[in-house]
> 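Structure incoming, see below.
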Protein chains: 2
Amino acid sequence: MKKRITIIEDNVSIREGFRAVLDTIEKYEVMNLYSNCEDALANLDQDQPDVVLMDIELPGMDGIAGTVRIKKQLPNCIVLIITVLEDSEKVFRSLCAGAGGYIVKNSNISEIVQNIDEALAGGAPMSLSIARMVVQSFRQQQDSPLTERETQVLQSIAEGKSYSKIALDLYVSKETIRSHIKNIYRKLEVSSKADAIKIANSNKWVTGRSL
Amino acid sequence: MKKRITIIEDNVSIREGFRAVLDTIEKYEVMNLYSNCEDALANLDQDQPDVVLMDIELPGMDGIAGTVRIKKQLPNCIVLIITVLEDSEKVFRSLCAGAGGYIVKNSNISEIVQNIDEALAGGAPMSLSIARMVVQSFRQQQDSPLTERETQVLQSIAEGKSYSKIALDLYVSKETIRSHIKNIYRKLEVSSKADAIKIANSNKWVTGRSL
DNA sequence: CGTAAAATCCCCCAATATGGGTGATTGATT
DNA sequence: AATCAATCACCCATATTGGGGGATTTTACG
């Protein structure tokens, strides 16, 4: 069974370039080409693509919003973002939107075919630097001024727990937690939960996510 | 300049197998082999490895704790986890510990060489399925019962903001926020911030991470 | 051994936040 | 017409928070 591919890209030559290359591959079937998300979404049900090659800068709805819509309608469809820039903010938002890979548009079109194959094989194609970025996003605890216990307390704060709840969880008195909080605030030079969490988050002193 | 490699692996034959293969490659220099993290850490300063191949199940300190220690001493050293199992919990904790890649031990040793090269080239080698797992970990908002606004409010709660602060940020009254919270609690069947955050987090209705 | 840091606990106080209730209005969407 | 989303209001009791004083014990390190 041929894999159905849809391309959303506003640049005509790139769009047609993709089609030309992908058309030569028997296992692929290029369903349709679109210059914007709106048109593509209107025809999603007919196209039923297995893979969507999505540009990120588009007139009207951008590629990220488009990805969200596509995944909502076709959860099993793999959306691969194809772009010229490695904008970390966009990479992050694309992945959150449900993109299955983030490919940097380069001269070598055969690499793109390789990437599509990788995505269909269950992988998540990314350039080397993006893969590194993604993996590094898990990294935490650079050089926190906080002690282990304080980190633990702040982590609990970030989970929305009250002092009393944290005290229960850690088998200590509420007053102890308050002491830790005071020390944390002093070290981070803040005076509220929100500020402490913001700093701890941006420095990755607390986690926040699981696989 | 040759790339310095250290191997930490308790299985003798695998350990020696790696050395045998890597020794045949001119650009690599295998510094030392260790059967546990403790010994490896004691010699880190002499070895000064560019890359550490790390087993995850080890006697004494496990590979994850070892990774943390190594990264603390040699932040630029790349630690590649080599394991037989793709345990999502371990993958996650390894990456958090600072691992630069997570390679599944397989029969093909040449693939491992390829992976080391990829890591040295600035990438983050992973098996297809792990790459997919990692990327999917960014994915959010499966089918939340919450409205967009409610999600926004809950997100702010997860950031430790008070009702008043959220109200200011969203340019609405504090009472409006309270209404949203009440609706959120009703929908999620909880009655506290912590519980709401826990549910929203496990269902990925709120973010928590940045790149 | 002595010091410093970390972790533990206690009290006081005032301001704020929170959770629950019971509403109401407006604008979309269906 | 009915539903849902989003907005706002007021009441009330309790919990939480942040800041100020302390104190004790355990642990780590030179």
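First the proteins, then the strands, lettered A, B, ... as listed; each starts at 1. All values derive from a computational prediction rather than experimental measurement.
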> Report which part of the nucleic acid B:Thr176 touches: base, sugar-phosphate, or nothing (heavy-atom distance under 4.0 Å, all strands).
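If one applies the 4.0 Å heavy-atom cut-off, B:Thr176 turns out to touch a base.
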> Using side chain to side chain contact (heavy atoms under 4.5 Å, CB included) as the criterion, list what pairs up with B:Ser127, not counting sequence neighbours.
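Residues passing side chain to side chain contact (heavy atoms under 4.5 Å, CB included) with B:Ser127: B:Glu86, B:Val104, B:Ser129, B:Ile130.
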> Any pair with a residue in residues 47-57 of chain A that passes side chain to side chain donor-acceptor pair (under 3.5 Å), sequence neighbours left out, goes on the list, sorted by first then second residue, please.
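Pairs touching residues 47-57 of chain A that pass the test: A:Asn32-A:Asp47, A:Tyr34-A:Asp47.
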> Taking A:Lys71 for its side chain and A:Cys77 for its backbone only, find out whether a donor-acceptor pair lies under 3.5 Å.
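Pair found, side chain donor or acceptor close to backbone of A:Cys77.
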> Is the count of non-hydrogen atoms from other residues, nucleotides or ligands lying under 6.0 Å from A:Glu189 atom CD greater than 12?
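12 or below, so no.
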> First and last nucleotide of DNA chain D in contact with chain B, 5' to 3', at under 4.0 Å to a heavy atom: what are they?
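In short, chain B contacts DNA chain D from D:dA5 to D:dC11.
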> Take the protein atom CZ of B:Arg149 and the nucleotide atom P of C:dA28, then report the distance between them rounded to whole Å.
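Rounded to the whole Å, the gap is 15 Å.
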> I'd like to compare against my own output: the B/S/- annotation of nucleotides 13-25 of chain C with a strict under-4.0 Å heavy-atom distance to protein.
----SSBBBB---
> Using the side chain to side chain contact (heavy atoms under 4.5 Å, CB included) criterion, which residues pair with A:Ala158? Sequence neighbours excluded.
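A:Ala158 satisfies side chain to side chain contact (heavy atoms under 4.5 Å, CB included) with A:Ile197 only.
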> Let me see the working for A:Glu148 and A:Gln152 under side-chain hydrogen bond (donor to acceptor under 3.5 Å, both in side chains), right down to the final yes or no.
CA-CA 6 Å; A:Glu148 213 174 299; A:Gln152 207 173 7; over 6 Å; no
> Is there a donor-acceptor contact under 3.5 Å from the side chain of B:Asn203 to the main chain of B:Trp205?
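No, B:Asn203 side chain to B:Trp205 backbone: no donor-acceptor pair under 3.5 Å.
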> Going by side chain to side chain donor-acceptor pair (under 3.5 Å), name the pairs with one or both residues in residues 117-126 of chain B, residues two or more places apart or in two chains.
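Residue pairs passing side chain to side chain donor-acceptor pair (under 3.5 Å), neighbours aside: B:Lys27-B:Asp117, B:Tyr28-B:Asp117.
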